[in-house]
Amino acid sequence: MIIAEQKPLDEIKSMIADYQKVLILGCGTCVTICFAGGEKEVGALASALRMATRLDGQNKEFIEATVQRQCEYEFNEEVADLIEEADVVLSLACGIGVQTMNEQFPNKLTLPGLNTAFLGQPVEQGVWDERCQACGDCVLYLTGGICPIARCSKSLLNGPCGGSQNGKCEVNPEIDCAWQLIYDRLQALDRLDLMMEVKPAKDWSTSRDGGPRKIVREDLRLTFVEEKQS
Amino acid sequence: MKHDEPPPVISPAEEASPPCQVACPLHTDVRGYVAAIARGDFEEGYAIAREPNPLIYVCSHVCAHPCEEECRRNQVDEPVSIAALKRFVAERHDLSLGHGPSKPAVEPKNQRVAIIGAGPAGLTAAYDLARMGYPVTIFEALPEPGGMLRVGLPKYRLPREIIDIDIKGILEAGVELKTNVRIGQDLTISELKAQGYEAIFIGIGAQQSRTLRIEGMDLDGVLLGVDFLRDVNQGKPVKLGKKVLVIGGGNVAVDVARSAVRVGNLGDEREVHMICLECREEMPAHEWEIIEAQREGIVLHPSLGPNRILGRDGKVVGLETIVCESVFDSEGRFNPSFVCNTESVIEGDTVILAIGQASDLSFIHPEDGIELTPRRTIKVDPDTLATTAPGIFAGGEVISGPGSVVGSMALGRRAAISIDAYLRGENLAKLRFAEPQKLGELPQKTVEKIKPLIREPMPLLPLEERAFNYREVELGYTPAMAMRAAHRCLTCGGGAYVDTGKCAACLTCVRVCPYDVPVIKDGAAFIDPTQCQACGVCASECPAKAITMKLYSEDQLYQEIEALFATAPASNPEPFIVGFCCLYCAYAGDEWAESVRAQLPPNVRTLDVFCTSRIDIQHLLRAFELGADGVFVAGCVGEECRHTDKAVNRIQGKVQFVKEVLNQVGLGGDRLALYNIPSAEWGTVPRIAQEMAERVRTLGTNPL
Amino acid sequence: MKAGSNLEKVLTAGYFAATGELGPPQSADTAVIEKKAGYLKGYVDAVNITDCQTAVVRMSSMAVAVMLLRLGLEPTMQMTCRDRNRIAIQSDLLGAAALGIKNLLCLTGDHQVFGNHPTAKNVFDLDSMQLLSMVKGLRDDRRFQCGDEVKGPEPRFFIGAAANPFADPFDFRPYRLAKKAKAGADFIQTQIVFNVPKFREYMKRVVDLGVHEQCYILAGVAPIKSFGAARYMATKVPGMDVPDEIVQRMKATPKEKQAEEGIKVCVEVIQQVREIPGVAGVHIMAIEWEESVAEITAQAGLLPRPAV
Ligand SMILES: Cc1cc2nc3c(=O)[nH]c(=O)nc-3n(C[C@H](O)[C@H](O)[C@H](O)COP(=O)(O)OP(=O)(O)OC[C@H]3O[C@@H](n4cnc5c(N)ncnc54)[C@H](O)[C@@H]3O)c2cc1C
Ligand code: SF4
Ligand code: SF4
Ligand code: SF4
């Protein structure tokens with residue numbers, strides 16, 4: 001799922017500097033689960049901002065609300081009156097939610113209160129790890145189910161590089177060397193043969209490098225009409 | 001501010017009542033008042049306990065407390081001291097605040113109701129009906145009201161001033177009492193009707209001792225238990241020898257025996273024996289009563305049946321007994337069987353029979369239309385307690401046979417509801433009484449995770465000071481003891497419930513629960529109320545705010561925080577400090593929340609929580625937002641925690657987080673501190689408050 | 001001949017090769033390059049020009065390589081995948097070949113966090129293995145990475161790759177070397193060897209795999225300037241294995257004698273690795289101490305360098 005974290009308070013303060021009535025809008029899905037933008041976080045941020053802005057001699061008003069999924073119009077519509085009422089919306093959703101809001105409510109500016117960090121796994125309470133880079137061309141079948149694109153600092157397809165030491169990445173001893181993990185896994189699976197192949201240069205066009213991506217399932221669209229066989 | 005919050009979803013299982021409440025015939029909210037005591041809110045505890053119970057003072061001394069038998073703590077160690085806690089709140093209650101809840105605003109009604117008998121059943125029915133607006137009159141044969149409470153129960157267990165307190169409260173609710181009026185003798189039922197009473201409640205109890213048909217019953221020195229007690233209680237002279245033999249093994253027999261020990265204050269000069277059919281283990285009296293009796297020197301002779309009373313010169317000289325093999329037959333009927341040729345004699349000069357009571361129904365005349373059963377009891381509809389005569393109802397021991405105070409009260413209450421329905425012209429046949437649903441037992445895996453806690457012992461009058469007087473034996477709890485005792489409650493069914501509409505299935509609750517209760521079911525968290533220990537950890541950590549505690553919710557905590565500021569000293573040069581204190585471990589020894597609070601200067605306010613893990617980040621932030629100059633959290637972060645080890649330390653992370661927020665806000669994280677209080681150190685809260693105040697003084701006041 | 005460089009000739013003729021290394025300046029200063037070139041000229045067969053080593057911005061390796069050519073030394077241009085995608089790399093290769101550069105060392109490159117622009121966006125479009133294949137494809141198949149044909153003269157390089165015998169997982173390292181040979185490496189330069197027994201074990205496995213017959217393996221060596229430098233390399237540089245006895249030996253040496261001792265250690269290592277089957281030469285990495293190379297090669301008996 002999407003992992004995010006709150007922006008520093010000072011940055012948020014400067015974003016909302018010109019506005020009086022701020023709607024802090026949380027999202028009940030991914031960012032709730034990663035403790036960045038659920039109802040609890042909305043309340044805590046509102047509290048912090050009330051204090052911080054009062055200390056600055058301002059008298060701002062903060063409204064709190066949380067919708068189930070901010071990336072969907074229908075859910076945001078439920079708080080349309082609150083959005084209307086506010087001078088600006090401070091979204092505690094991921095970047096998708098923020099953009100949905102801006103698109104859906106063109107007359108109201110929605111600001112990002114979070115930094116959308118990565119696609120990751122909550123590996124334990126309070127710890128989230130990047131797991132996928134949405135490269136659009138999954139290689140996990142070659143790498144024992146461990147993603148070298150997201151988890152190797154250099155996105156190597158033929159790792160590990162010479163910086164791999166004691167299972168850690170040269171970049172930082174906090175980072176596991178993805179290729180050590182891959183090696184260990186493949187060894188356990190008796191599939192080290194996969195390590196011996198020189199994997200060719202990757203086609204990055206399906207990744208962000210190919211430009212913004214889009215998936216269309218014509219069959220699912222409400223406008224879908226079956227083409228007549230000619 | 002919350003937007004469009006859907007109502008919390010409570011599944012039927014979550015509405016099950018705790019077993020203590022279900023066991024109490026009056027369905028007293030035991031959990032509620034115990035929790036109030038646990039928080040040091042003793043008046044609130046009294047109010048909750050008093051709500052259903054107009055004889056709260058009496059019950060607080062002598063209630064048979066079936067609640068304790070059902071208490072789920074039995075599965076872990078020993079029951080919560082529910083009865084002693086009730087006594088504690090009753091004793092502390094300031095009667096100038098009134099006896100109980102003020103009379104509801106009801107339309108006064110003009111249908112008069114007559115109540116026969118001022119025992120617990122009659123008093124309760126009268127009280128309830130008066131509160132419903134009916135003019136009620138009690139007719140009592142004896143000079144004083146109370147029934148068995150006054151003439152049956154010994155004073156050393158129930159001081160008479162105690163009865164008077166409750167009676168006063170009942171009469172103040174608008175009940176008229178006429179004593180020295182025996183129905184059947186001074187007035188008849190038809191006369192009552194003629195006087196305009198549109199409904200009548202019969203609550204005459206079971207005031208007659210049962211007797212035995214054995215040789216020697218007419219000898220001088222043979223007494224009947226109930227009569228003996230009545231005489232003792234009414235201060236009439238009783239003729240008791242030096243060696244008293246009490247026949248019977250029930251609670252009444254024990255009361256008779258223990259009263260016999262006290263009559264005349266003869267000390268060691270009088271021996272008292274109890275002879276009963278049942279073996280020691282099966283004696284029907286409460287175990288604790290038997291033990292007290294033995295401690296007072298009473299000699300037990302179980303498994304013996306009375307064969308005949310031996311006499312010389314018309315006076316009792318002893319009792320011939322025979323060994324009793326079994327009391328009930330294979331079908332469970334009372335049918336004792338004896339072993340031949342096992343006769344033996346116990347010498348004695350007095351024999352008192354305490355083998356059961358029955359009602360005197362001679363006041364009922366055929367024209368009253370009240371049918372009796374073949375066993376010569378009044379025939380009633382078991383649901384509505386209506387007799388066969390329209391408008392006439394019966395309840396209490398006259399219906400149930402010998403029972404308990406609460407049991408009799410519950411029947412009085414039920415009759416009152418029926419009478420009201422009757423007088424309002426409702427079809428009684430449709431009136432049905434549903435018993436509350438009982439919360440299930442603790443699963444074994446939960447039992448294993450609950451830490452045992454010692455049941456706070458009740459201080460008793462020392463033996464040498466008690467046997468020969470009528471002073472009450474149980475002395476009652478101090479506030480610190482009461483709080484400790486109340487802390488043992490598992491708050492059954494008062495714990496967490498999930499608003500599945502909000503739950504993001506994030507697994508936080510699943511991971512943090514010290515008792516491994518929550519699971520994800522059908523896409524949302526499910527918290528089994530039979531397992532939940534109401535620690536509140538999950539509610540304080542749920543990022544979706546999907547969990548609420550049924551008892552003492554997060555919102556209540558917010559309100560309490562706000563209330564602290566409402567009474568803050570207006571202009572005080574001293575820093576204003578708010579302390580969140582763990583009720584379980586911030587106070588110890590003879591300290592308790594209120595006594596500590598009294599020691600604190602006006603600039604320090606404490607707020608007590610059931611375990612600091614209940615506090616969430618927003619609570620801490622709120623205190624600063626409202627203007628606290630400093631906030632401290634006092635609780636253990638170690639093994640002392642009442643909950644399993646998983647619950648400890650959760651507060652540390654939250655404090656850490658809020659400190660960081662305060663730094664970012666510009667208030668400074670140093671204004672918040674966590675103090676680890678091991679329960680052994682006492683009196684630390686004032687010391688912490690002082691230290692905190694000093695620390696905050698250097699930081700200056702909260703500029704908000 | 002694949003590219004016909006001096007290094008390629010020395011190795012194919014069967015000589016024990018010696019290469020050096022030159023780190024470009026963090027400025028447009030040419031004098032320093034001339035000075036360092038002077039320390040190396042005549043003592044080594046080719047000189048590696050690092051490509052913004054440790055991700056610190058330095059003069060382009062292609063520019064420095066061309067300067068060396070002008071000074072009469074043979075450069076080995078290093079090329080990493082960190083800063084360029086396949087388009088930029090191929091473009092540079094065409095240019096480098098056109099300018100007369102014949103040796104190319106293909107590397108993945110250090111991550112930018114180590115350098116002076118840690119906030120930079122990295123590229124890593126290719127990894128070193130894929131870079132090797134691409135360079136080989138350009139040379140042998142005359143095809144760009146996309147498959148298009150190179151119309152006109154193709155860039156021809158004597159292709160090098162790096163190997164770190166001391167990185168983890170140890171067991172995989174010989175195979176990774178084999179992969180590099182398969183991908184296109186003609187010669188290999190290893191990470192600096194201090195732990196000779198471990199290197200010997202590594203080489204044994206490499207020889208068992210027959211990799212030494214597919215490419216020339218040059219063992220990396222370096223002089224240690226001081227006890228501090230030894231300790232730093234032993235503890236702070238990832239992928240570097242400095243046995244404690246060497247650190248202790250430096251420590252035991254009086255400060256003013258430490259540089260001399262460091263050179264001695266380096267010479268000893270050269271003499272030892274020379275005896276290891278499969279080792280075709282040494283790559284002397286005396287970065288920022290280029291003046292020591294003359295001494296080292298002399299003491300190790302590597303002089304004079306063969307003229308081929
Ligand atoms: C010795 C003893 C000890 C007990 N100890 C306990 C205990 O510790 N805990 C506990 O829970 N229970 C105890 N009980 C039981 C408890 O006292 C009774 O369950 C309860 O009092 C019954 O209430 P009641 O209203 O049905 O009848 P009673 O209390 O018997 O009251 C009936 C009233 O009706 C009056 N009356 C009778 N006939 C007439 C008439 N014709 N006209 C007018 N008035 C009439 C009587 O004088 C009496 O006041 C004890 C009982 C006894 C005898
Ligand atoms: S633990 Fe508390 S709530 Fe549970 S049964 Fe006992 S007294 Fe009642
Ligand atoms: S912590 Fe809250 S949101 Fe997460 S699973 Fe539990 S109830 Fe649901
Ligand atoms: S964390 Fe506490 S309150 Fe929540 S389910 Fe577990 S025991 Fe109950």
Side-chain angles (χ1 to χ4, degrees), chain A residues 133 135 137 139 142-144 146-188 191-210, chain C residues 54-55 80-82 85-86 89 107-114 118 122-134 136-137 144-146 161-173 175-185 189-192 209 220 237-241:
Chain A
Q133 205 156 285
C135 76
D137 182 13
V139 299
L142 295 171
T143 55
I146 293 153
C147 177
I149 310 298
R151 299 172 69 180
C152 165
S153 303
K154 302 175 185 174
S155 298
L156 303 182
L157 279 165
N158 294 284
C161 76
S164 174
Q165 197 94 72
N166 303 320
K168 297 298 171 186
C169 172
E170 66 170 30
V171 165
N172 176 337
E174 300 286 294
I175 303 173
D176 287 329
C177 169
W179 276 99
Q180 175 79 52
L181 298 176
I182 293 168
Y183 178 81
D184 292 344
R185 184 89 210 284
L186 290 176
Q187 189 172 44
R191 286 303 311 272
L192 279 177
D193 59 309
L194 287 170
M195 290 282 292
M196 287 313 295
E197 272 171 42
V198 177
K199 273 153 232 129
K202 186 173 167 61
D203 174 359
W204 292 105
S205 67
T206 55
S207 188
R208 238 299 304 165
D209 309 77
Chain C
T54 64
T80 69
C81 299
R82 177 189 57 232
N85 65 8
R86 60 191 83 175
I89 294 174
L107 303 161
T108 301
D110 294 325
H111 195 273
Q112 74 276 5
V113 291
F114 296 110
N122 62 32
V123 179
F124 295 118
D125 174 22
L126 305 175
D127 62 23
S128 59
M129 210 70 75
Q130 294 157 348
L131 175 59
L132 286 167
S133 325
M134 186 172 79
K136 184 175 156 69
F144 288 105
Q145 193 274 333
C146 61
N164 185 356
F166 309 106
D168 288 322
F170 180 73
D171 287 342
F172 182 64
R173 291 291 154 185
Y175 291 97
R176 192 156 193 268
L177 186 65
K179 262 180 99 171
K180 286 199 170 174
K182 190 170 141 198
Q189 290 173 324
T190 75
Q191 170 68 293
I192 302 170
L209 290 173
V237 183
M240 185 80 91
D241 181 347

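Values below: all heavy atoms of this structure, side chains included; hydrogens, waters and symmetry mates excluded. Chain letters run A, B, ... following the sequence lines, proteins first and then strands; every chain starts at 1.
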Check each atom of [X] against the heavy atoms of chain A and say whether the ones under 4.5 Å are side chain, backbone, both or neither.
X         : result
Phe170(C) : neither
Arg82(C)  : neither
Met240(C) : backbone
Asn164(C) : side chain
Phe114(C) : side chain

With only heavy atoms counted, which part of [X] is less than 4.5 Å from chain C, the side chain, the backbone, both or neither?
X         : result
Lys154(A) : both
Glu197(A) : backbone
Asn166(A) : both
Pro160(A) : both

Kindly determine whether Arg176(C) and Trp179(A) satisfy side-chain contact (heavy atoms from CB on, under 4.5 Å), including the steps that lead there. CA-CA 12 Å; Arg176(C) 192 156 193 268; Trp179(A) 276 99; over 6 Å; no
Measuring only between side-chain heavy atoms, which start at C-beta, is [X] closer than 4.5 Å to [Y]?
X         : Y         : result
Asp171(C) : Tyr183(A) : yes
Met195(A) : Tyr175(C) : no
Gln180(A) : Pro169(C) : yes
Ser153(A) : Gln112(C) : no

Distance-minimising heavy-atom pair for [X] and [Y]:
X         : Y         : answer
Arg86(C)  : Lys202(A) : NH2-O, 2.7 Å
Ala167(C) : Gly162(A) : CB-O, 3.3 Å
Pro200(A) : Gln130(C) : O-NE2, 2.9 Å
Lys182(C) : Met196(A) : NZ-O, 3.8 Å

Atom [atom1] in [X], atom [atom2] in [Y]: separation rounded to 0.5 Å?
X         : Y         : atom1 : atom2 : result
Ser164(A) : Phe166(C) : OG    : CZ    : 15.0 Å
Cys152(A) : His111(C) : SG    : NE2   : 8.5 Å
Ile182(A) : Phe172(C) : CD1   : CZ    : 10.0 Å
Lys199(A) : Asp127(C) : NZ    : CG    : 9.0 Å
Asp209(A) : Asn85(C)  : CG    : CG    : 9.0 Å
Leu156(A) : Cys81(C)  : CG    : SG    : 8.5 Å

Could you walk me through whether Val113(C) and Asn172(A) pass side-chain contact (heavy atoms from CB on, under 4.5 Å), step by step? CA-CA 9 Å; Val113(C) 291; Asn172(A) 176 337; over 6 Å; no
Contact leader toward chain A among Asp110(C), Leu126(C), Leu107(C), where contacts are heavy-atom pairs under 4.5 Å: Asp110(C)
Between Cys169(A), Ser155(A), Cys161(A), which residue shows the highest count of heavy-atom pairs closer than 4.5 Å to chain C? Cys161(A)
With no hydrogens and no angle check, do the side chains of Lys179(C) and Asn158(A) hold a donor and an acceptor under 3.5 Å apart? yes
Going through the checks in order, is the side-chain contact (heavy atoms from CB on, under 4.5 Å) test met by Asp168(C) and Cys177(A)? CA-CA 10 Å; Asp168(C) 288 322; Cys177(A) 169; over 6 Å; no
